[in-house]
Undergrad: 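Sharing a structure with you now.
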Amino acid sequence: MWKEGVVPGVPAEKVTGTVIDVTKTFESGAVYHWWEKDGWYETTVGGGFLRVRDEGDGFVYEAEGVPEEEVVRFLGLGDDLGGVADAVEGDPVAEEAFRRQYGLRVPRDDPFASVVSFIASAQSRNERTRGVVRGLCEKHGETRDGWAAHTFPSPEEVASLGEERLRELGFGYRGPYIVETARSIADGDVCPGGLRTAPYTEAHDELKRLKGVGDKVADCVLLFSLGFIGVVALDTWLRRIIDEHYPGLVGGTYEETARAFRDRFGGYGGYVQTALYHEARVGDLGM
DNA sequence: CGCCAGGCCTTAC
DNA sequence: GTAAGGCATGGC
């Protein structure tokens, strides 16, 4: 059983109910529209501007137009890391990833930004996707004096940009998908932000109505934007990890394997997946 | 040059 | 429902 203040390999003073490793959280690839400036990680939340950085054993933030409860929600600070610790107990691979990536949070990005970003992420490297999304924001979003961050353009704005413009910005063959999806959301045909309280399967299927959104992208949006922290997004990295470390889960359909992995971690599968992903990319899982 | 990247869409069984 | 092929673009 996990005890407050006890995480192997982590200094006791770093273990609190609201601990966060800001660097890990932003670098983990859950959010694509952020700017690093003077040691801060800047982004926009609900039209307001936010910057966060690690400091000492905790973190600090500055915000313009973002209420504190929105900062807490965006950063996932209400999520119970003790629950995650309990969930990974007895699973050496997940335990190690959780310990090494301790403080990595699952954020709640803006739903439209998340949908577009993850459509753009298909068959593209994380760093490249981030650059393309950032370019979209810098060319068509808004900023303020003293900030590097730019807002994510609205669904109506993105829809009006058109395929050619998106292709110029580097979205490649995903441009048409993004235009159609932005149009669907602008018209209210699909409302991602309204799915936060829906049952998982219903929300997943609803997101898949959007062009360019399949099983994996839908799960990423549910996890990194809509607060479904138990959801596992089965990407190439997690598939590789499963092939290597979870032989019993290999060979099923997307739905079967994702559900089997999810069910191992009692409602915290998304936290486990995020830690494993970041660990595989920057850590030492031998990938 | 070929292969791969936080997959998805269309088409053909 | 399942399997193949195509797909923009850049890094290696």
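Quick note on labels: first sequence line is chain A, next is B, and so on, each numbered from 1.
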Undergrad: Report which part of the nucleic acid A:E163 touches: base, sugar-phosphate, or nothing (heavy-atom distance under 4.0 Å, all strands).
TA: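 Nothing: the residue A:E163, judged by heavy atoms under 4.0 Å, touches no strand.
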Undergrad: Can you measure A:W237 atom CH2 to B:dA5 atom C1' for me and round it to whole angstrom units?
TA: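 Computing the A:W237:CH2 to B:dA5:C1' distance gives 9 Å.
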Undergrad: Can you tell me if A:K211 touches the phosphate of B:dG7, counting only side-chain N or O atoms and a distance under 4.0 Å to OP1 or OP2?
TA: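 No, because none of the side-chain N or O atoms of A:K211 sits under 4.0 Å from OP1 or OP2 of B:dG7.
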Undergrad: Grab the OH-C1' distance between A:Y173 and B:dG7 for me, whole Å please.
TA: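 It works out to 6 Å between those atoms.
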Undergrad: Between B:dG7, B:dG6, B:dC9, which one does the side chain of A:Y177 approach most closely?
TA: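 Closest of the options to the side chain of A:Y177: B:dC9.
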Undergrad: Donor-acceptor pair, distance only, cut-off 3.5 Å: does the side chain of A:D38 make one with the backbone of A:W40?
TA: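 Checked: no pair found.
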Undergrad: Anything under 30° is parallel, anything over 60° is perpendicular, the rest tilted; go ahead and classify A:F26 against A:Y41.
TA: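 Ring orientation, 0 to 90° scale: parallel.
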Undergrad: What contact category does A:G170 fall into here, base, sugar-phosphate, or nothing, at under 4.0 angstrom with non-hydrogen atoms?
TA: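 Here A:G170 touches no strand at all.
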Undergrad: What integer distance in Å separates A:F118:CZ from B:dG6:C1'?
TA: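 Rounded to whole Å, this separation is 7 Å.
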Undergrad: Can you tell me how far P of C:dG10 sits from CD of A:E168, to the nearest Å?
TA: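 In whole Å, C:dG10 P lies 13 Å from A:E168 CD.
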Undergrad: With DNA chain B as reference, determine whether A:D235 or A:G212 sits nearer its 5' end, using the nearest nucleotide of each.
TA: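 Looking at DNA chain B, the more 5' nearest nucleotide goes with A:D235.
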Undergrad: Would you check if A:Y277 stacks with the base of B:dG6, given a 5.5 Å centroid limit and a 30° plane limit, both strict?
TA: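 Yes, A:Y277 stacks on the base of B:dG6, since the ring centres sit under 5.5 Å apart and the planes are within 30°.
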Undergrad: Side-chain N or O of A:R240 less than 4.0 angstrom from OP1 or OP2 on B:dC4?
TA: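 No.
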Undergrad: Base, sugar-phosphate, or nothing for A:S28, non-hydrogen atoms under 4.0 angstrom?
TA: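 Base: the residue A:S28, judged by heavy atoms under 4.0 Å, touches a nucleobase.
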Undergrad: A:E70 and A:R73: salt bridge (charged side-chain N to carboxylate O under 4.0 Å, His left out), yes or no, with the steps?
TA: CA-CA 5 Å; A:E70 278 300 291; A:R73 197 183 71 86; 3.3 Å; yes
Undergrad: Assign A:Y32 to base, sugar-phosphate, or nothing according to its heavy-atom contacts below 4.0 angstrom with the strands shown.
TA: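 The residue A:Y32 makes base contact.
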Undergrad: Is the shortest side-chain N/O distance from A:T253 to OP1 or OP2 of C:dT2 below 4.0 Å?
TA: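 Negative; the distance criterion is not met.
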Undergrad: Can a donor-acceptor pair be found, under 3.5 Å and without considering hydrogens, that links the side chain of A:T143 to the backbone of A:A149?
TA: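 Here the side-chain-to-backbone pair exists.
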Undergrad: May I have the distance from A:L207 (atom CG) to B:dG7 (atom P), rounded to whole angstrom?
TA: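 Computing the A:L207:CG to B:dG7:P distance gives 17 Å.
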Undergrad: Check whether any side-chain N or O of A:S28 sits under 3.5 Å from a backbone N or O of A:H278 as a donor-acceptor pair, and report yes or no.
TA: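 Flag not set: sc A:S28 to bb A:H278 has no pair under 3.5 Å.
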Undergrad: Scan A:V213 against the nucleic acid and name what it touches under 4.0 Å (heavy atoms): base, sugar-phosphate only, or nothing.
TA: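 Result for A:V213 = sugar-phosphate.
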Undergrad: If I take atom CG in residue A:L166 and atom C1' in nucleotide C:dC7, what distance separates them, rounded to the nearest angstrom?
TA: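 Roughly 16 Å, once rounded to whole Å.
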Undergrad: For B:dC8 and C:dG10, measure between their P atoms and round to the nearest Å.
TA: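 Straight-line distance between the two P atoms is 22 Å.
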Undergrad: Within less than 4.0 Å of OP1 or OP2 of B:dG7, is there a side-chain N or O belonging to A:Q123?
TA: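 Yes, such a contact exists.
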Undergrad: Quick one: does any side-chain atom of A:R108 pair with a main-chain N or O of A:V106 as donor and acceptor, under 3.5 Å?
TA: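 Indeed, once roles are kept as given, a pair shorter than 3.5 Å links the two residues.
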Undergrad: Pick the P atom in C:dA4 and in B:dG6, then give their distance to the nearest Å.
TA: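 So the two P atoms sit 24 Å from each other.
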Undergrad: Quick check: on DNA chain B, is the nucleotide nearest A:R174 upstream (toward 5') of the one nearest A:A218, or the reverse? Name the residue that is more 5'.
TA: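 Upstream on the strand: A:R174.
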Undergrad: Whole-Å distance between C:dA8 C1' and A:F171 CZ?
TA: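 Distance check: A:F171 CZ to C:dA8 C1' gives 13 Å.
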Undergrad: What is the separation between atom CD on A:E255 and atom P on B:dC8, rounded to the nearest whole Å?
TA: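 So the CD-P distance, A:E255 to B:dC8, works out to 15 Å.
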Undergrad: Please pick, from C:dA8, B:dG6, B:dC8, the nucleotide with the shortest atom-to-atom distance to any side-chain atom of A:T236.
TA: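 Closest nucleotide among those given: B:dG6.
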